[in-house]
Peer 1: 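To start, I am sharing the structure in question, which I have written as structure tokens.
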Amino acid sequence: MLLAAALAACVNGGSVPAPADLPASLPSEAQATASPVSGPLISSTGMQIPAEPGDSECLLRATFLQDVAIPDNTSLQPETPFTKSWRLRNDGSCVWDGAYALTFLGGARMGAPRTTPLTHTVLPGGTVDLSLEMIAPDQPGAYQGFWKLQDPQGRLFGVGDGGRLSFWVKVAVLPEPMGVETLSPNPDQTADLAPTPLQEVLVSGSAALPPGVAFDLDLGQVQDDAGADIVWQGSARQADLSGFGSARIGRPRLLADSEAAPQCRDEPHSAEPVAAPELHPGWRVCYWTDQGRSGYLVVVEAGEALRFEYTTWAE
């Protein structure tokens, strides 16, 4: 009895906590693992699980690998249906899934939807062929449409350094061939029906101008002082395009190749700059160089740098 009393006194003395001192409830296994994880997860097999699209550390970036179908400058008859396909690689850390979409930026949409959800899941490092059903425009000329990807939060991203550049489709719509039953023109009208001669090209190419850099459109090269014709100036977020020296530029507009030469010859020009938000991908800006030559540039991207394609005609 003395031994039993001693044992009871030891327990009641507090060396073992009473049930009232325990926590009201213990966290379940699900509660214990519910906190967000910012880094990559490791599965029970030891394989790394890619970051989820919503993770704050998730990087959005793609690399253009090739045109699977309809490479640049493919010739098509008017109103011909076609499928454009790009092959891209996921070089970011996000998982692309059905919440991601192909999104139209500007230029010629050619009947494609403005947004098209992805139909495949693409892990980081994986490749995917992205396709769109399109229809060639009904008028002859060169047409180009610009596209990017969009994540579930609406953020746009593309290819190139930092994923800032768009990818595109570029086709040439041919004039419809004349049918065998087409009547021959009246000889008295031959002069009126003669095609307008093509303008001779002096120089053409593509360029990317950071803010503060000027460009000579007569020579097709960066030019710091005399001879420069345009300059991309201001900060990266608030840049604008201006004529340099005696050169002048027109207002941005959407023109086909067949319209560019007559429009650029006749369009009024001024020294007024064009702000970056007005420079939509695929739109053209006519210009007149300091040497008195006319031409146009096609906007590819107006962001931290102005990326464009240009054509200057000979006198």
Side-chain angles (χ1 to χ4, degrees), residues 72-73 106-108 140-144 146 160-161 164-166 168 170-172 195-236 238-315:
D72 285 356
N73 302 311
Y143 296 87
Q144 189 169 11
F146 298 85
D161 184 24
R164 292 189 294 268
L165 306 180
S166 58
W168 57 77
K170 187 175 183 180
V171 300
T196 303
L198 294 176
Q199 197 109 0
E200 182 183 354
V201 174
L202 174 70
V203 63
S204 64
S206 59
L209 297 183
V213 176
F215 193 80
D216 188 335
L217 292 162
D218 292 298
L219 300 177
Q221 64 184 29
V222 171
Q223 192 82 14
D224 291 334
D225 41 35
D229 297 300
I230 56 171
V231 60
W232 183 240
Q233 58 187 3
S235 66
Q238 296 181 335
D240 57 49
L241 174 66
S242 300
F244 192 93
S246 61
R248 295 291 182 265
I249 60 175
R251 307 311 300 172
R253 57 198 311 185
L254 191 59
L255 292 174
D257 275 356
S258 58
E259 302 173 301
Q263 292 285 354
C264 287
R265 281 197 304 266
D266 301 335
E267 183 179 326
H269 56 279
S270 71
E272 183 181 354
V274 178
E278 300 179 63
L279 296 169
H280 305 291
W283 285 34
R284 299 178 191 244
V285 178
C286 297
Y287 58 75
W288 296 261
T289 73
D290 64 336
Q291 301 296 317
R293 298 184 177 97
S294 62
Y296 65 87
L297 63 85
V298 180
V299 178
V300 175
E301 201 93 22
E304 293 188 13
L306 174 65
R307 296 181 63 240
F308 60 93
E309 298 175 353
Y310 62 92
T311 299
T312 302
W313 295 301
E315 294 178 283

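In what follows, every heavy atom counts, from backbone to side chain, and hydrogens, waters and symmetry copies are set aside.
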Peer 1: Trp168: which residues meet the side chain to side chain donor-acceptor pair (under 3.5 Å) condition with it, sequence neighbours left out?
Peer 2: Asp72
Peer 1: Within the 4.5 Å heavy-atom criterion, are Glu309 and Val300 side-chain neighbours or not?
Peer 2: yes
Peer 1: Kindly say whether the aromatic ring centers of Tyr310 and Phe215 come within a distance under 6.0 Å.
Peer 2: yes
Peer 1: State, to 0.1 Å, how close His280 and Val299 come at their nearest heavy-atom pair, and which atoms those are.
Peer 2: O-CB, 3.5 Å
Peer 1: Please report the closest heavy-atom contact between Val203 and Leu217, naming both atoms and the distance.
Peer 2: CG1-O, 3.4 Å
Peer 1: On a heavy-atom basis, which atom in Tyr143 and which in Ala108 lie closest, and how many Å separate them?
Peer 2: CB-CB, 4.0 Å
Peer 1: Please enumerate all residues that pass side chain to side chain donor-acceptor pair (under 3.5 Å) together with Ser242, with sequence neighbours excluded.
Peer 2: Gln233, Asp240
Peer 1: Are Trp283 and Phe308 an aromatic pair, judged by ring center distance below 6.0 Å?
Peer 2: no
Peer 1: Heavy atoms only: give me the nearest Tyr296-Cys264 pair and the separation to one decimal.
Peer 2: CB-SG, 3.8 Å
Peer 1: According to side chain to side chain donor-acceptor pair (under 3.5 Å), who are the partners of Asp290, at least two apart in sequence or on a separate chain?
Peer 2: none
Peer 1: Please find the pair of heavy atoms, one from Thr312 and one from Tyr287, that lie closest to each other, and give the distance.
Peer 2: OG1-OH, 2.5 Å
Peer 1: Heavy atoms only: give me the nearest Pro273-Arg251 pair and the separation to one decimal.
Peer 2: O-NH1, 3.4 Å
